[in-house]
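Below: the structure, in structure tokens.
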There are 2 protein chains.
Amino acid sequence: MDEFKKFLKSIVPISDKEFADTILYFTELNLEKRDYFLKQDIVCRHIAFIVKGTLRAYYINDKAEETTACFCTENNLTTSYKSFILQQPSTLFLQAIEDTQLLVIDYENLQNLYSKSTVWQTIGRAFAEREYIVMEQYASVLNNETAREKYLRLLKEQPNVLQKANVEDIASYLGVTRRTLSRIRKEISK
Amino acid sequence: MDEFKKFLKSIVPISDKEFADTILYFTELNLEKRDYFLKQDIVCRHIAFIVKGTLRAYYINDKAEETTACFCTENNLTTSYKSFILQQPSTLFLQAIEDTQLLVIDYENLQNLYSKSTVWQTIGRAFAEREYIVMEQYASVLNNETAREKYLRLLKEQPNVLQKANVEDIASYLGVTRRTLSRIRKEISK
DNA sequence: GGCTCGAAAGGACAAATGTCCTCAATGCTT
DNA sequence: AAGCATTGAGGACATTTGTCCTTTCGAGCC
């Protein structure tokens, strides 16, 4: 809970009072390994703060290939933001790759908060802008980094993910086949 | 001007009166071919609506390689949104690839509009959310489409760009070398 | 212990892409 | 018009990555 407060404050200045008012709108949710927080074609009705655990966000494209978009780790938010904003069916799957504990708010409650005050409008915009920046960063990585560089970044920034996720998932995150991941690992171990 | 009104209305419901109030904050700017609207390391202080013309948004990464992020075409906005939001130096270049006419608003004026009313807060959030979705779409394309598919999409959605941009720029947009673009074109022409 | 199963590593060859280069076409300058 | 620079197409070969397959290792089970 403390971590969540810290996280919110990092997005936008918020008083303890405002945080206390906010937290009332959130509920706890526990997922077991392999449980889904969201599936493709379902409208995403929630945004969640990850208290503990890891989720994998992935697409399945029209050639039935799986692409891992990201691994969502502790003390971050997870949602299919696009599906949530538009209240349209999600293209993303969000699956726990280990037992996971979440703090969840649903669409109606967030809209309520937005309509309550200018402060909440500001938080909403700051949040959208923040999500934009995360996504731009992601696109920049996709554009500029090789699979090898992405692997090294993962090793540096989310080393636990390399333990928790399987080879298939990591390879699809890097945008290469398992065979190439195997070659990358061999190269790096030298 | 009419096109700009149509564009704004497509983002968020806005009355003619509100539009009239808004447009006062915008100024006209003309660029010649090869002029820069923004350069790397400069803080982006403007958002612009493209009345006429085309801009190329590109990065130069630490290996001195150029990557074209997108081609910004008529009746769309252009900015380095990240740099604009954070008021930090831009990683993007925005260069006109033909003579271009813009409607520009600067950071202070937009903040003024935001602080004026809840309506403007809502517009600000809606705009950030919209930018997010565009960026997510872009990331999804990067993840799921081959260079050949991206070329076909460009051909379908922005065919003029293929006339206006040179081979180098298009190849860097597709994420391949000129040689591969040449092969793609040959393949498609059959 | 021996067995089976699933996951990861890696061998062999094919396909795709990059590098380096040449050539042809076009437009600009003098 | 001739000369020059810029741009795009594509040949030849090297490198990278993918496909398909076999092998190895370890966990769980009888």
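Only a predicted model underlies this, so the values are computations on that prediction, with no experimental measurement involved. Heavy-atom basis, side chains included; hydrogens, waters and symmetry copies ignored. All chains are named by letter (A, B, ...) in the order of the sequence lines, taking the proteins before the strands, and each is independently numbered beginning at 1.
The side chain of B/T177 places an N or O atom within less than 4.0 Å of a non-bridging phosphate oxygen (OP1 or OP2) of C/dG18.
The other residues sharing a hydrophobic cluster with B/L152 are B/F71, B/I97, B/Y151, B/L154, B/L155, B/V161, B/L162, B/V167, B/I170, B/Y173, B/L174, B/V176, B/L181, B/I184, B/I188, where clustering joins ILVMFWY side chains under 4.5 Å apart. Through direct or relayed side-chain contacts under 4.5 Å between Ile, Leu, Val, Met, Phe, Trp and Tyr, B/V141 connects to no other residue. Through side-chain heavy atoms spaced under 4.5 Å, either directly or across other Ile, Leu, Val, Met, Phe, Trp or Tyr residues, B/V134 is tied to no other residue.
In this structure, the side chain to side chain donor-acceptor pair (under 3.5 Å) partners of B/T54, at least two apart in sequence or on a different chain, are B/E98. A/Y107 is linked by a ring pair (Phe, Tyr, Trp, His ring centres under 6.0 Å) to A/F84, counting only residues two or more places apart in sequence or in another chain. By the ring pair (Phe, Tyr, Trp, His ring centres under 6.0 Å) test, B/Y138 is found to be paired with no residue, residues two or more places apart in sequence or in another chain being considered. Annotation: side chain to side chain donor-acceptor pair (under 3.5 Å) contacts of A/T73 (sequence neighbours excluded): A/Q158. Residues forming a ring pair (Phe, Tyr, Trp, His ring centres under 6.0 Å) with B/Y114 (at least two apart in sequence, or on another chain): none. Applying the side chain to side chain donor-acceptor pair (under 3.5 Å) criterion to A/E74, with sequence neighbours excluded, gives no partner residue.
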Show each protein N/O and nucleotides 10-15 of chain C N/O combination with a separation under 3.5 Å, one pair to a line.
{"from": "C/dG11", "atom 1": "N7", "to": "A/R179", "atom 2": "NE", "distance (Å)": "3.4"}
{"from": "C/dG11", "atom 1": "N7", "to": "A/R179", "atom 2": "NH2", "distance (Å)": "3.1"}
{"from": "C/dG11", "atom 1": "O6", "to": "A/R179", "atom 2": "NE", "distance (Å)": "2.9"}

Between the protein and nucleotides 4-7 of chain C, are there any N/O to N/O pairs under 3.5 Å, and if so, what are the atom names and distances?
none

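Rounded to whole Å, the distance from CD on B/E149 to P on C/dA16 is 14 Å. C/dG18 atom P lies 9 Å from atom CD1 of B/I184, rounded to whole Å.
With a cutoff of under 4.0 Å to any heavy atom of chain B, the contacted region of DNA chain D is bounded 5' to 3' by D/dG8 to D/dA12.
In this structure, B/F26 and B/F4 have perpendicular ring planes: the angle between them is above 60°, well past the 30° mark.
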